[in-house]
Amino acid sequence: FGCVNEIGVGNAVIKCPRGDTGRYHVLHGSAKKTRIIGCEMYHSALLSYDCGSTYEWGTDGEGSEIAYNYIHDNREVGIYLDNNSSNYHVHDNVLKKNGTGITLNSHNNDCLVENNYLIKNDINSSTYFYEKDGPSMAGTVIRGNTYTPAEWRLVEGENAPVFEDNTLVKTAIGIKLPDRSYGCDF
């Protein structure tokens with residue numbers, strides 16, 4: 001159903017191409033201080049819904065990093081931090097032509113999502129929360145991302161994330177990608 005089930009503390013998945021999976025490419029629930037770096041991931045969720053190329057649920061990442069990945073052509077979510085997640089640094093990823101680029105389901109606190117490229121996704125970012133708990137993305141910051149037109153579905157109100165310095169571009173043509181972007185060609 002998936003490729004890598006990452007558990008433990010301080011592990012890394014680096015420069016691993018992953019394609020054609022029934023559910024996820026990297027499952028990192030319960031992994032702490034983990035790194036998912038420089039991977040290309042495509043065609044996930046071929047047999048299921050409510051999943052992502054990277055997926056975890058209910059985990060304090062303790063500074064886990066998801067960076068410099070090229071995640072594209074997935075029916076569901078590119079990077080999926082499900083309910084009750086915290087302390088992830090998601091940066092410098094290229095998320096292209098996914099159902100949703102990044103999902104941050106509530107409660108999703110103290111995460112930093114910055115300098116990502118969200119290109120031609122159906123939805124750039126979404127969130128879901130359980131009514132009985134109420135929404136919270138307190139302490140989460142979403143900044144410096146470049147994106148093509150698509151919806152952002154985020155928590156609003158006093159527990160909303162900080163959403164600042166993100167740049168809407170009308171087309172992906174001419175976007176300058178980070179030097180460490182892997183396999184990205186527009």
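The figures that follow rest on heavy atoms only: side chains count, while hydrogens, waters and symmetry mates do not.
Residues satisfying the salt bridge (charged side-chain N to carboxylate O under 4.0 Å, His left out) criterion with Glu65, sequence neighbours excluded, are absent altogether. Here Ser125 pairs with nothing under the side-chain hydrogen bond (donor to acceptor under 3.5 Å, both in side chains) rule; sequence neighbours left out. Shown here are the side-chain hydrogen bond (donor to acceptor under 3.5 Å, both in side chains) partners of Asn108, two or more places apart in sequence or in another chain: there are none. Every residue meeting the side chain to side chain contact (heavy atoms under 4.5 Å, CB included) condition with Tyr128, not counting sequence neighbours, appears here in chain and number order: Asn83, Asn105, Tyr130. Partners of Thr127 by side-chain hydrogen bond (donor to acceptor under 3.5 Å, both in side chains), not counting sequence neighbours: none found. Residues satisfying the ring-ring contact (aromatic ring centres under 6.0 Å, His included) test with His89, not counting sequence neighbours, are His91. Applying the salt bridge (charged side-chain N to carboxylate O under 4.0 Å, His left out) test to Glu151 and every residue at least two apart in sequence or in another chain returns Arg153. Residues satisfying the side-chain hydrogen bond (donor to acceptor under 3.5 Å, both in side chains) criterion with Asn124, sequence neighbours excluded, are absent altogether.
In this structure, the side chains of Ile37 and Val13 stay at 4.5 Å or more apart for every pair of heavy atoms. When side chains are defined from C-beta on, Ile79 does not count as touching Thr103, because their heavy atoms never get closer than 4.5 Å. Looking at Arg35 and Ile14, their side chains come closer than 4.5 Å, going by heavy atoms from C-beta outward. In this structure the side chain of Thr54 reaches within 4.5 angstrom of the side chain of His28, judged on heavy atoms. Residues Glu56 and Leu81 form a side-chain contact, since some pair of their non-hydrogen atoms from C-beta on lies under 4.5 Å apart. Using a 4.5 Å cut-off on side-chain heavy atoms (C-beta onward), Tyr68 and Lys15 make no contact. Residues Leu168 and Tyr147 form a side-chain contact, since some pair of their non-hydrogen atoms from C-beta on lies under 4.5 Å apart. Residues Ile102 and Leu118 form a side-chain contact, since some pair of their non-hydrogen atoms from C-beta on lies under 4.5 Å apart.
Across all their heavy atoms, Lys96 and Tyr70 have their closest contact at CD-OH, 4.0 Å. Shown here for Gly61 and Ser64, the closest heavy-atom pair between the two residues is O-OG, 2.7 Å. Nearest heavy-atom pair across Thr59 and Ser30 is OG1-N, 2.9 Å. Scanning both residues, Tyr117 and Asn115, for their nearest heavy atoms gives CE1-O, 3.7 Å. The two residues Leu104 and Ile142 have their closest heavy-atom pair at CD1-CD1, 4.0 Å. The two residues Cys16 and Cys39 make their nearest non-hydrogen contact at O-CB, 3.3 Å.
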| Ile36 vs Met41, side-chain contact (heavy atoms from CB on, under 4.5 Å): CA-CA, chis, key distance, verdict | CA-CA 11 Å; Ile36 302 168; Met41 294 176 255; 4.1 Å; yes
| Can you list the steps and then say if Asp60 with Asn87 is a side-chain hydrogen bond (donor to acceptor under 3.5 Å, both in side chains)? | CA-CA 6 Å; Asp60 179 345; Asn87 297 306; 2.9 Å; yes
| said: Let's go through Ser53 and Asn74 carefully: what are the C-alpha distance in whole Å and the side-chain angles of both, what is the deciding distance for side-chain hydrogen bond (donor to acceptor under 3.5 Å, both in side chains) to 0.1 Å, and is it a yes or a no? | reply: CA-CA 8 Å; Ser53 285; Asn74 295 293; 3.1 Å; yes
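Within the structure, the salt bridge (charged side-chain N to carboxylate O under 4.0 Å, His left out) test picks out no pair touching residues 68-87 (sequence neighbours left out). Note on residues 98-121: pairs passing salt bridge (charged side-chain N to carboxylate O under 4.0 Å, His left out), not counting sequence neighbours, are Glu114-Arg143.
When hydrophobic clusters are built by joining Ile, Leu, Val, Met, Phe, Trp and Tyr residues whose side-chain heavy atoms come closer than 4.5 Å, directly or via intermediates, Val4 is grouped together with Val90. Grouping the Ile, Leu, Val, Met, Phe, Trp and Tyr side chains by contacts below 4.5 angstrom, directly or via other members, places Tyr24 with Trp57. Tracing side-chain contacts under 4.5 Å through hydrophobic residues (I, L, V, M, F, W, Y), one never reaches Tyr42 starting from Val26; they form parts of separate clusters.
Checked by atom type and distance alone, the side chain of Ser44 never pairs as donor or acceptor with a backbone atom of His25 at under 3.5 Å. Looking only at distances, a side-chain donor or acceptor of Asn121 sits under 3.5 Å from a matching main-chain atom of Leu95. Under a 3.5 Å cut-off, the side chain of His72 and the backbone N or O of Asn98 do not form any donor-acceptor pair. With hydrogens and angles disregarded, a donor-acceptor distance shorter than 3.5 Å links the side chain of Asn69 to the backbone of Gly38. Asn11 places no side-chain N or O within donor-acceptor distance of the main-chain N or O of Ala31, the cut-off being under 3.5 Å.
Phe163 and Trp152 have their aromatic ring centers within a separation under 6.0 angstrom.
Residue Ile7 qualifies as open at atom CD1: its count of foreign heavy atoms under 6.0 Å is 12 or below. Atom NZ of Lys33 sits in a sparse spot, with 12 or fewer heavy atoms from other residues, nucleotides or ligands closer than 6.0 Å.
Atom CD1 of Ile71 sits about 10.0 Å away from atom CD of Glu40, to the nearest 0.5 Å. The CE atom of Met137 sits 5.5 Å away from the CG atom of Leu154 when rounded to the nearest 0.5 Å.
Annotation for Val9: hydrophobic cluster partners, listed by chain and number, are none (ILVMFWY side-chain heavy atoms under 4.5 Å, direct or chained). The hydrophobic cluster containing Val162 also includes Leu112, Val141, under a criterion of side-chain heavy atoms closer than 4.5 Å among ILVMFWY residues, counted directly or through chains of members.
Counted by atom type alone, Ser136 and Ser106 present zero donor-acceptor pairs between their side chains at under 3.5 Å. In the model, Asn84 has no side-chain atom that pairs as donor or acceptor with a side-chain atom of His107 under 3.5 Å.
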